[in-house]
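Lettering follows sequence order; numbering is per chain, from 1.
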2 protein chains.
Amino acid sequence: MTRQRALILRLIRESGEHPTAEEIYRKAKEEMPGIALATVYNNLNHLAQEGEIRKISFCGSSDRYDKTSVPHIHLICDRCGRLRDWPSEGFAAELERWLGFAVESYELAVHCICPACSAENHSSN
Amino acid sequence: MTRQRALILRLIRESGEHPTAEEIYRKAKEEMPGIALATVYNNLNHLAQEGEIRKISFCGSSDRYDKTSVPHIHLICDRCGRLRDWPSEGFAAELERWLGFAVESYELAVHCICPACSAENHSSN
DNA sequence: ATCAGAATTTAGAATGATTTTAAAAAAGGG
DNA sequence: CCCTTTTTTAAAATCATTCTAAATTCTGAT
């Protein structure tokens with residue numbers, strides 16, 4: 001565990017978002033100006049293989065990284081455009097029941113008007 | 001609707017797979033040798049915006065294109081590595097019930113041992 | 001602490017996918 | 001047909017990511 005790897009892991013864990021390699025690189029440089037972009041990529045791949053984090057990919061955007069490798073639902077709001085996690089306990093079991101076979105893991109992105117935007121809208125109209 | 005666009009749409013519709021732009025380009029050149037790769041990209045984007053096809057993206061692979069824009073489940077088999085469609089009628093409704101709000105569309109990739117591989121395995125042991 | 005070997009970091013070059021450019025060609029409506 | 005708009009083409013440009021090779025840092029055994 002090098003200083004660089006520890007920093008990168010911490011930055012992802014602290015992030016409430018789903019940062020790209022470039023975004024992690026920018027934050028990392030604030031604390032360790034000499035760090036190389038290749039180091040960020042190396043470590044993101046390494047951490048993902050170890051199961052510390054998860055690489056996710058969405059159309060029309062660079063790969064993003066998730067602070068946990070535990071599968072969960074991603075909401076993409078058609079109104080505010082935000083990408084957020086949604087509590088997903090029990091969803092894998094539900095999915096297995098529906099499909100009729102065992103699921104190793106899943107990636108689910110839901111496009112919707114997110115509950116937050118939906119609430120805003122109703123109260124302001 | 002140009003000849004090029006019609007060809008590209010037909011090739012995707014005829015494909016049982018989820019081809020990449022490069023794969024579509026290779027097939028297209030067999031019927032129209034002078035076609036440019038940029039034309040393939042232009043039309044894939046155009047067709048996706050029109051809702052004729054859907055762009056999908058998976059980690060570690062170029063973007064792929066799906067013959068329909070109707071959401072459905074993708075199975076990625078951990079054994080054979082194949083990416084296949086899975087019948088998904090009623091799944092959106094199930095998802096909405098589970099989430100508690102309306103879903104515009106979704107992208108779901110399930111990692112598993114696919115039923116085909118699972119069956120093979122049992123009969124040969 | 002010290003050494004050797006393995007793993008990691010770095011900067012920059014290389015690769016691969018996709019988009020942009022500008023000019024030529026084709027489509028489509030009146 | 002003619003005009004206008006859209007599309008196509010080839011090449012260059014861009015963007016994300018990986019590779020390279022040399023220098024550095026880690027690790028674990030002495």
Side-chain angles (χ1 to χ4, degrees), chain A residues 1-13 15 17-66 69 74 76 81 83 107 109, chain B residues 1-13 15 17-66 69 81 83 107 109:
Chain A
M1 177 66 61
T2 60
R3 287 177 311 124
Q4 288 86 342
R5 182 167 303 163
L7 170 59
I8 289 162
L9 181 56
R10 178 165 63 73
L11 290 176
I12 297 171
R13 288 276 158 83
S15 166
E17 324 251 309
H18 301 82
T20 61
E22 191 63 37
E23 287 163 356
I24 295 162
Y25 174 56
R26 278 203 293 275
K27 275 193 206 161
K29 270 203 298 193
E30 292 172 13
E31 298 194 32
M32 196 184 283
I35 198 170
L37 180 54
T39 301
V40 173
Y41 276 103
N42 284 344
N43 282 302
L44 289 172
N45 286 333
H46 188 105
L47 291 166
Q49 277 188 331
E50 273 186 327
E52 290 290 337
I53 64 176
R54 176 178 269 238
K55 193 192 240 189
I56 51 184
S57 102
F58 298 100
C59 281
S61 151
S62 318
D63 287 348
R64 293 179 172 276
Y65 296 86
D66 210 324
S69 67
H74 289 119
I76 301 173
L83 164 59
E107 282 136 51
Chain B
M1 175 67 60
T2 60
R3 287 177 311 123
Q4 288 86 343
R5 183 167 302 162
L7 171 60
I8 288 162
L9 181 55
R10 179 165 63 72
L11 290 175
I12 297 172
R13 287 277 158 81
S15 167
E17 323 251 311
H18 301 83
T20 61
E22 191 63 37
E23 286 162 357
I24 294 163
Y25 174 56
R26 278 202 294 273
K27 277 193 204 159
K29 270 203 298 194
E30 291 172 14
E31 298 193 33
M32 196 185 283
I35 197 169
L37 180 54
T39 300
V40 173
Y41 275 104
N42 284 345
N43 281 303
L44 290 172
N45 286 333
H46 188 104
L47 291 166
Q49 276 189 332
E50 272 185 329
E52 292 289 336
I53 64 175
R54 177 178 268 238
K55 192 190 239 189
I56 51 183
S57 106
F58 298 101
C59 282
S61 151
S62 316
D63 286 350
R64 294 178 173 275
Y65 296 86
D66 209 326
S69 67
L83 165 59
E107 282 134 52

Partners passing salt bridge (charged side-chain N to carboxylate O under 4.0 Å, His left out) against Lys27(B) (at least two apart in sequence or in another chain): none
Test salt bridge (charged side-chain N to carboxylate O under 4.0 Å, His left out) applied to Arg13(A) - qualifying residues, sequence neighbours left out: Glu52(A)
In this structure, how many angstroms lie between the [atom2] atom of [N] and the [atom1] atom of [X], rounded?
| X | N | atom1 | atom2 | value |
| --- | --- | --- | --- | --- |
| Ile8(B) | dT7(D) | CD1 | C1' | 11 Å |
| Asn43(A) | dT25(D) | CG | P | 16 Å |
| His46(A) | dC26(D) | NE2 | P | 14 Å |
| Ile35(A) | dT24(D) | CD1 | P | 17 Å |

In chain order, what residues pass the side chain to side chain contact (heavy atoms under 4.5 Å, CB included) check against [X], with sequence neighbours excluded?
| X | answer |
| --- | --- |
| Arg3(B) | Met32(B) |
| Tyr25(B) | Glu22(B), Lys29(B), Ile35(B), Leu37(B), Val40(B) |
| Glu17(A) | Ser15(A) |
| Gln49(A) | none |

Close residues, residues 24-33 of chain B, relative to DNA chain D [heavy-atom separation under 4.0 Å]: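 Output list: empty, so none.
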Pairwise salt bridge (Lys or Arg N to Asp or Glu O under 4.0 Å) hits with a residue in residues 33-47 of chain A, at least two apart: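 Non-adjacent pairs meeting salt bridge (Lys or Arg N to Asp or Glu O under 4.0 Å): zero.
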Summary of protein contacts for nucleotides 13-30 of chain C, nucleotide by nucleotide, where a base hit scores B, a sugar-phosphate-only hit scores S (4.0 Å, heavy atoms): ----SBBB-------S--
Angle between terminal axes - the helix from dA1(C)-dT30(D) to dG30(C)-dC1(D), 5 pairs each end, rounded to 10°: 50°
Could you list the donor-acceptor pairs under 3.5 angstrom formed by side chains in residues 58-65 of chain A, with sequence neighbours left out?
unit_1, atom_1, unit_2, atom_2, d
Ser61(A), OG, Arg64(A), NE, 3.2
Arg64(A), NH1, His18(A), O, 2.7

ring-ring contact (aromatic ring centres under 6.0 Å, His included) contacts touching residues 38-57 of chain B (sequence neighbours left out):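 ring-ring contact (aromatic ring centres under 6.0 Å, His included) check on residues 38-57 of chain B returns no pairs.
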Asp66(A) to Ile53(A) - nearest heavy-atom pair and separation: O-CB, 3.3 Å
